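First up is the structure itself, then whatever we jot down about it.
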Amino acid sequence: MTFQELFIANLKDLRKSRKISQEKLADMCDSSQGYIAEIEVGKKFPSPEMIEKIASALEIESYCLFQNNAEANVRNLTPLQRQEIINKIHEAASKIINHY
């Protein structure tokens, strides 16, 4: 996987996991939906400034867009997603404890 392909895959995954449309991301980055689409299909590659805007909109550090490992996925969770996971773990633990 190339550097650009990794960036694109991470961008798409993060955007979709946060339920952010290309149009919404463009608005958050003071850009256009067409430009975001061109980035996601590999026609364009964003400037460092735009990478920072995208990362900020996705609530991550910019380097996370270039990581290629499962551990990075955990760090890329939003605070709300982390809290949801914690709540599910607590619920599951309570069910186990109450069962015994």
Side-chain angles (χ1 to χ4, degrees):
M1 182 176 282
T2 69
F3 188 70
Q4 184 174 6
E5 290 168 339
L6 179 59
F7 176 86
I8 292 167
N10 287 334
L11 171 58
K12 287 180 182 179
D13 288 345
L14 290 163
R15 181 179 61 75
K16 290 176 181 179
S17 73
R18 285 157 171 72
K19 297 178 177 27
I20 299 173
S21 66
Q22 288 181 344
E23 185 174 4
K24 176 68 176 171
L25 181 61
D27 288 343
M28 297 167 81
C29 296
D30 298 319
S31 185
S32 69
Q33 184 273 329
Y35 181 63
I36 299 298
E38 288 180 316
I39 291 171
E40 289 191 359
V41 297
K43 287 185 178 180
K44 303 261 175 135
F45 194 79
S47 67
E49 294 81 13
M50 183 56 134
I51 291 170
E52 289 292 333
K53 286 181 180 183
I54 290 169
S56 178
L58 297 173
E59 299 179 331
I60 59 168
E61 296 293 328
S62 56
Y63 69 86
C64 294
L65 289 163
F66 300 95
Q67 291 184 316
N68 187 20
N69 60 45
E71 185 180 323
N73 293 332
V74 173
R75 287 193 301 263
N76 292 336
L77 295 173
T78 65
L80 179 59
Q81 289 171 320
R82 288 178 192 208
Q83 190 59 51
E84 288 174 354
I85 290 169
I86 290 168
N87 290 345
K88 288 179 181 180
I89 291 170
H90 283 221
E91 287 175 22
S94 293
K95 286 179 183 177
I96 292 168
I97 291 168
N98 290 333
H99 179 71
Y100 295 101

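From a predicted model like this one, the values you see are computed outputs, not experimental measurements.
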Within 6.0 Å of CD in Gln83, more than 12 heavy atoms from elsewhere: yes
Non-hydrogen atoms of Leu25 and Arg15 that approach each other most closely: CD2-CD, 3.8 Å
Heavy-atom pair of closest approach, residues Ile51 and Ser62: CG2-CB, 4.0 Å
Spacing of Ser31 atom OG and Glu38 atom CD [to the nearest 0.5 Å]: 9.5 Å
Heavy-atom donor-acceptor pair, Gln4 side chain to Gly42 backbone, under 3.5 Å: yes
pair Leu11-Leu58: side-chain heavy atoms closer than 4.5 Å: yes
Phe66 and Phe45 aromatic ring geometry - parallel, tilted or perpendicular at 30°/60° bounds: tilted
Lys44 side chain to Tyr35 backbone, donor-acceptor under 3.5 Å: no
SG on Cys29 to CD1 on Ile39, rounded to 0.5 Å: 8.0 Å
Taking every non-hydrogen atom, the tightest pair across Leu6 and Gln67: CD1-O, 3.5 Å
Closest non-hydrogen atom pair between Gln33 and Gln22, with its separation: NE2-OE1, 2.5 Å
Between Asn87 and Glu91, a side-chain donor and acceptor under 3.5 Å: no
Hydrophobic cluster identity match, Val41 and Met50, side-chain contacts under 4.5 Å: no
Nearest heavy-atom neighbours spanning Leu14 and Ser17: O-OG, 3.0 Å
Shortest non-hydrogen separation from Glu40 to Ile8 and the atoms involved: O-CG2, 3.1 Å
Distance in Å, Lys24 NZ paired with Ser21 OG, rounded so as to fall on 0.5 Å steps: 8.0 Å
Atom pair CD (Glu52) and CG (Leu65), whose distance is rounded to the nearest 0.5 Å: 9.5 Å
